[in-house]
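In what follows, a structure is listed as C-alpha cells, so that the remarks can point back to it.
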2 protein chains.
Amino acid sequence: MNNLDESLLANIPPFRKLQLGQIREILDCATPKRFEVGTSVFEEGLDADRFYLLLDGHIRVIRTTPDGEQVTALYISSGQLFGIAAALGRSQYPATALTADECLTLSWPTRLWQDFVTKYDGFATESYKVVGARVDEMNNRIVEMATQQVEQRVACALLRLVNQAGKKVSHGVEIDFPITRQNISEMTGTTLHTVSRLLSAWEKSGIVASERRKIVVTNPHQLVLLSGT
Amino acid sequence: MNNLDESLLANIPPFRKLQLGQIREILDCATPKRFEVGTSVFEEGLDADRFYLLLDGHIRVIRTTPDGEQVTALYISSGQLFGIAAALGRSQYPATALTADECLTLSWPTRLWQDFVTKYDGFATESYKVVGARVDEMNNRIVEMATQQVEQRVACALLRLVNQAGKKVSHGVEIDFPITRQNISEMTGTTLHTVSRLLSAWEKSGIVASERRKIVVTNPHQLVLLSGT
DNA sequence: ATCCCAGTTTGATACAGCGCAAAGAGCGCA
DNA sequence: TGCGCTCTTTGCGCTGTATCAAACTGGGAT
C-alpha cells in the first residue's frame with residue numbers, strides 16, 4: 001500500500017482502459033523510486049526481475065560493445081513502460097538503462113506481469129502495442145543506417161528526439177533534457193566531431209540553436225528536408 | 001478441415017506444448033499454400049489480415065525506401081512464424097515478404113490469433129519469445145551497423161545465415177537457398193560491388209567458396225574472427 | 001579568484017568504401 | 001548453337017567521415 005494518486009496512471013496507455021479500482025490495485029504493489037542524473041536503473045545482463053514505468057524524466061537505453069563503445073538503442077520519455085524484456089521471454093535485461101536527467105519510476109516484480117495480463121483486460125494488448133511501436137522504430141533505424149548518410153541520420157535522430165521530448169520555447173522546440181554531441185553520435189553511429197560540425201553548420205543556416213548540453217530546433221521543417229524522408 | 005498431418009506442428013515452438021487434439025483444431029482452420037521463387041507472400045502497407053507459418057523454404061523480409069532501395073529486415077527459415085505484426089497491434093504489414101526459394105506456408109486469419117492466445121495455454125508466451133528473439137537480432141544489427149565496418153558486418157551477416165539456414169556439405173556449410181551478392185549487400189547496407197570484392201578475397205584465403213547464387217562457408221572459425229565478436 | 005574538467009569547436013590528413021564503367025560468365029531458351 | 005538475361009568480377013577516381021591534434025569555453029569546486 002502506498003499513497004500514490006490513481007490519476008498518475010489513468011492516462012497512460014496500458015492502464016488507460018482500466019477502472020480506478022484496478023489502477024489502485026496495481027499502484028498498491030508498485031515501488032516508486034527516484035534516480036539521480038546519470039545513474040543506472042538496470043544493467044545489461046542482470047536478471048530482469050522488475051519492469052518499470054517512467055513517471056518523470058528521460059532515460060537512455062544503451063548497449064555496450066565488447067570494446068567499450070556505447071550505442072544508444074532508444075530514449076524513453078515519461079509515461080512509457082521500459083525494462084519489459086521479460087514480457088518477450090527474456091530473463092536478463094538486454095541493455096542498460098541510464099537516466100538522462102532526474103527520473104521518477106514505478107516498478108513491479110516481473111512475475112506480476114503475467115498476473116496483470118490475465119487479470120486486467122486489455123493490459124496485454126496495450127502493452128504489446130508499445131513493443132510494436134519500438135520494433136517499428138528499430139526497423140526504421142536499420143533502414144536509415146543502411147541507406148542514409150550521416151547528415152540525414154543525425155537529422156532523423158534529432159527529429160525523433162523533438163517528437164518525443166520536445167518542449168516549446170520562444171524560438172522553437174527544445175529537447176527537454178541535457179544531451180551532448182557524444183550522445184547524438186551514439187544514436188547515429190558517428191563521432192562527436194562529425195555531429196559537432198553538423199550542428200555548427202545547421203546553426204549557421206538557422207536550423208538549430210545549441211549550447212552546451214542543450215539543443216533547440218528553430219526550423220523543424222528545414223530539418224525534415226535534410227532528413228530526406 | 002484438411003488432411004495435413006499433426007506432426008507438422010508438433011515440434012514447432014508455439015505449438016510444441018499443445019496436445020495433438022489442439023494441434024488438429026489449429027490445423028483445421030489453417031490454409032496451406034505454395035509459393036514460387038521470388039513471389040510475395042504479403043506486401044508492406046497491406047492490411048495484416050493473416051499470419052503465417054513457414055513449413056518449407058526461406059523468406060526474405062524487406063523494406064523499400066522512398067527512393068526504391070531495398071533493405072532486408074530479416075530472413076525467415078522453415079518452422080518460423082511470420083507476418084505476426086498484428087500481434088503487436090499493427091493493422092498493416094510493416095514489410096514485404098518475398099520467397100527466396102520455393103515455399104510452403106500455412107496461414108490463419110489474424111482474428112484467430114486472439115482465440116489461440118486465450119484458448120491454448122502457452123501459445124502467447126511461446127509466440128512472444130519469437131518476437132523477443134527478433135528484437136534481439138534487430139538490436140544486434142543496430143549495434144553492428146553503428147560500430148563495425150563493412151567487412152565485419154558482412155561476416156556477421158554470413159554467420160547469421162549459416163546459423164539459421166546452413167546445410168552441411170562435404171567442404172563446409174552451405175547456405176541452403178539461392179542468394180546473390182546483391183541480397184547480402186541489402187542485409188548489410190553496402191553495395192554488391194563491395195560484397196563481391198570481400199567474397200573474392202575470402203575465397204582466396206579459403207574461408208568461403210562461392211558460385212553464382214550460392215555460398216559455402218569452408219572455414220567458419222576464421223569468419224568468426226573476421227566478424228570481430 | 002583560480003583551477004579543473006567535461007564538453008565543444010575546428011583544422012589537417014588519411015582512407016574505406018561508393019559510384020561509375022566495362023568486361024566476363026553461367027544458364028535458360030529458342 | 002547461339003542469343004540474351006542475370007549475376008559476378010575488377011579497375012579507377014572521388015568523397016564523406018573517421019582519426020589525430022589542439023585550442024577554446026563555461027561552470028562547478030576549492
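Letters A, B, ... are given to chains in the order of the sequence lines, protein chains preceding strands, and every chain is numbered from 1.
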Distance check needed: [N] [atom2] versus [X] [atom1], whole Å only.
X      : N      : atom1 : atom2 : value
A/Q182 : C/dA6  : CD    : P     : 13 Å
B/L198 : C/dA16 : CG    : P     : 12 Å
A/L192 : C/dG11 : CG    : P     : 16 Å
B/M145 : D/dA18 : CE    : C1'   : 17 Å
A/E203 : C/dT9  : CD    : P     : 8 Å
A/Q152 : D/dG16 : CD    : P     : 12 Å
B/E211 : C/dG26 : CD    : P     : 9 Å
B/R181 : D/dT10 : CZ    : C1'   : 13 Å

Is there side-chain contact between A/E203 and A/S210, with heavy atoms separated by less than 4.5 Å?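 A/E203 reaches A/S210 side chain to side chain.
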Nearest heavy-atom pair of A/T99 and A/G38: which atoms, and what distance? OG1-N, 2.8 Å
Can you name the nearest heavy-atom pair linking B/H171 to B/T218, along with the distance? O-CG2, 3.2 Å
As a quick check of understanding, evaluate side chain to side chain contact (heavy atoms under 4.5 Å, CB included) for A/V71 and A/E186, giving each step before the final call. CA-CA 5 Å; A/V71 177; A/E186 284 165 3; 5.9 Å; no
When all nucleic acid strands are considered with a 4.0 Å heavy-atom cut-off, which category describes [X]: base, sugar-phosphate, or nothing?
X      : result
B/L199 : nothing
A/T180 : sugar-phosphate
B/T191 : sugar-phosphate

Residue-phosphate contact under 4.0 Å: [X] side-chain N/O, [N] OP1/OP2:
X      : N      : value
A/S200 : C/dT8  : no
B/T190 : C/dG17 : no
A/T194 : D/dA18 : yes

Taking the nucleotide of DNA chain D with the closest heavy atom to each, which residue, A/G189 or B/V195, is nearer the 5' end? B/V195
For a quick check, tell me whether the side chain of A/R213 and the base of D/dG26 share a donor-acceptor pair closer than 3.5 Å.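 When only heavy-atom distances are counted, A/R213 does not reach the base of D/dG26 through any donor-acceptor pair under 3.5 Å.
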Indicate, yes or no, whether a donor-acceptor pair under 3.5 Å links the base of D/dT8 to the side chain of B/H193.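 Between D/dT8 and B/H193, which were checked side chain against base, a qualifying N/O pair under 3.5 Å is absent.
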With side chain to side chain contact (heavy atoms under 4.5 Å, CB included) as the test, would you mind laying out the steps for A/L158 and A/L199 before giving the verdict? CA-CA 11 Å; A/L158 256 192; A/L199 288 180; 4.3 Å; yes
On DNA chain C, does the nearest nucleotide to A/R212 precede the nearest nucleotide to A/R197 from the 5' side, or the other way round? Give the residue. A/R212
